[in-house]
Student: 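If you scroll down you'll find the structure; I have some questions about it.
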Protein chains: 2
Amino acid sequence: MRIGELAARTGVSVRSLRYYEEQGLLTSSRSVSGQRHYTEAEVERVRFIQRLYAAGLSSRTISDLLPCVDTPSEGNSDAALERMAQERNRLSEHIDELVRTRDALDGLMATARAHRESEVLAHRVRARRGSGEGTSAPRVPES
Amino acid sequence: MRIGELAARTGVSVRSLRYYEEQGLLTSSRSVSGQRHYTEAEVERVRFIQRLYAAGLSSRTISDLLPCVDTPSEGNSDAALERMAQERNRLSEHIDELVRTRDALDGLMATARAHRESEVLAHRVRARRGSGEGTSAPRVPES
DNA sequence: CTAAAACCTGACATCAACGTCAGAGGCAAG
DNA sequence: CTTGCCTCTGACGTTGATGTCAGGTTTTAG
């Protein structure tokens, strides 16, 4: 397939695909007229690249690791394996931090809800003193 | 405290602190001569801002949410609560994606290790045919 | 054949979160 | 008062991934 189709199928812009090639993350066979052609395998590869980007890896780091993906031979696998382990740990730490931040957000939301509830109750008290019920349980969805 | 101390205690550069104020994420009382002064509370606030940044939120988004942190009143809490829930979900999806990426990295590492092991075994076979044992089980640590 | 659509290279633009520098003023200690 | 350190504003530089545009070639549809 040509670059437009790859872009459409991966959701990545044509510009980015060319940039990936420029950075050595992606290769293409060229037709005689110089147009890039890709195989099905490149679809998955581009998606993986995107996920590594989303994981916070730089293109430099990705290009360090991707050869290891292509040809898991002994030449690269020794040094690159350590590099991968290192990046994996960074990623793991990052995940932990994000989870803690999510927990903090949950805490804030709970506080905000509590404030809202208390105000709603105050309104109701002002409206009619001592209402029996009529309001369904204040469903506070969990994590 | 003045800005230098806040920077030292949070590990954030002086430049960044001024930038935060410029973006409306942080406020300071000014001395007559115009110097910024902060209280202890700002230390925690800066750390929280950092974590939101690390969670991938933009300064714009953070400034949308932080008022809700400051004054959890009904004025902001209604719209901002939805915003927070939305960001929380984005964060959650992001975390899931990172976990999947980490799993993918684990898979790659396992593959690389397998290749290395097989080569090591090949070497040993070439060295002496039919060794009984002596190699402990090829420990492939799990996620 | 011809026009539209897709592609090429190369270059400059953008955006966010900073770094860095210049020039000027504030503040405590000697 | 001077020396040294901290702070101020304002402006320009940086980096990485990408947008965008120009000017030209190739492919495709009619």
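All chains are named by letter (A, B, ...) in the order of the sequence lines, taking the proteins before the strands, and each is independently numbered beginning at 1.
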Student: For C/dC7, does either OP1 or OP2 sit under 4.0 Å from a side-chain N or O belonging to A/Ser33?
Tutor: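 So the side chain of A/Ser33 is outside the cut-off, no N or O lying under 4.0 Å from OP1 or OP2 of C/dC7.
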
Student: To the nearest angstrom, how far is A/Ile3 atom CD1 from C/dA6 atom C1'?
Tutor: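 My rounded result for the distance is 11 Å.
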
Student: From D/dT27, D/dA17, C/dT9, pick the nucleotide closest to the side chain of A/Ser58?
Tutor: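 The nucleotide sitting nearest to the side chain is D/dA17.
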
Student: Do A/Ser28 and A/Glu21 have a side chain donor and acceptor closer than 3.5 Å?
Tutor: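 On atom types as modelled, these side chains qualify, holding a pair under 3.5 Å.
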
Student: Can you find a side-chain donor-acceptor pair between B/Gln35 and B/Arg2 that sits under 3.5 Å?
Tutor: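 Yes, B/Arg2 and B/Gln35 have a side-chain donor paired with an acceptor closer than 3.5 Å.
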
Student: Does B/Arg15 make a side-chain donor-acceptor contact with the base of C/dT20, cut-off 3.5 Å?
Tutor: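 For B/Arg15, whose side chain was compared with the base of C/dT20, there is a donor-acceptor pair (under 3.5 Å).
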
Student: From CG of B/Leu17 over to C1' of D/dC6, roughly how many Å is that when rounded to an integer?
Tutor: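 Whole-Å distance recorded here is 14 Å.
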
Student: Would you mind telling me which residue lines up with the more 5' stretch of DNA chain C, A/Val14 or B/Ser31, judged by nearest nucleotide?
Tutor: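 Residue closer to the 5' terminus by nearest nucleotide: A/Val14.
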
Student: Just to be sure I understand the rule, does A/Ser59 reach a base, reach only the sugar-phosphate, or reach nothing, if contact means heavy atoms closer than 4.0 Å?
Tutor: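 Result for A/Ser59 = sugar-phosphate.
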
Student: Output the rounded distance in Å from NE2 (B/His37) to C1' (C/dG26).
Tutor: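 Atom NE2 in B/His37 sits about 11 Å away from atom C1' in C/dG26.
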
Student: Mapping B/Gln50 and B/Val32 onto DNA chain C by nearest heavy atom, which one lands closer to the 5' end?
Tutor: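 The answer here is B/Gln50.
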
Student: Between A/Arg47 and A/Glu44, is there a side-chain N and carboxylate O pair less than 4.0 Å apart?
Tutor: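 Here A/Arg47 pairs with A/Glu44 in a salt bridge, since their nearest N and O are under 4.0 Å apart.
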
Student: Just compare D/dG16, C/dC18, C/dT9 and give me whichever is closest to any side-chain atom of A/Tyr19.
Tutor: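 Nucleotide nearest to A/Tyr19's side chain: D/dG16.
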
Student: To the nearest Å, give me how far apart CZ (B/Arg18) and P (C/dG19) are.
Tutor: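 Taking CZ of B/Arg18 and P of C/dG19, I get 11 Å after rounding.
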
Student: Hey, are A/Arg90 and A/Glu93 close enough for a salt bridge, meaning a charged N less than 4.0 Å from a carboxylate O?
Tutor: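 Here A/Arg90 does not pair with A/Glu93 in a salt bridge, since their nearest N and O are not under 4.0 Å apart.
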
Student: Please report, rounded to the nearest Å, how far the C1' atom of C/dG26 is from the CZ atom of B/Arg2.
Tutor: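 About 8 Å, once rounded to whole Å.
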
Student: Mind checking A/Arg36 for me? I need base, sugar-phosphate or nothing, with any heavy atom below 4.0 Å counting as a touch.
Tutor: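 If one applies the 4.0 Å heavy-atom cut-off, A/Arg36 turns out to touch the sugar-phosphate alone, with no base involved.
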
Student: Starting the side chain at C-beta, find the nucleotide from D/dT9, D/dT18, C/dC8 nearest to B/Arg30.
Tutor: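 The answer is D/dT9.
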
Student: Rounding to an integer number of Å, can you tell me how far B/Leu57 CG sits from C/dC15 P?
Tutor: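 Between P of C/dC15 and CG of B/Leu57: 20 Å.
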
Student: Would you tell me whether A/Tyr20 and A/Glu42 have side-chain atoms, one donor and one acceptor, within less than 3.5 Å of each other?
Tutor: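 Result is no, nothing qualifies.
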
Student: Nearest nucleotide by nearest heavy atom, which residue falls closer to the 5' end of DNA chain D, A/Ser16 or A/Gln35?
Tutor: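 Going by which nucleotide is closer to the 5' end, it is A/Ser16.
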
Student: Report the distance from atom CG of A/Leu25 to atom P of D/dT18, rounded to the nearest whole Å.
Tutor: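 Whole-Å distance recorded here is 10 Å.
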
Student: Rounding to a whole Å, what distance do you find between A/Tyr53:OH and D/dG16:C1'?
Tutor: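 Taking atom C1' of D/dG16 as the reference, OH of A/Tyr53 is at 8 Å.
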
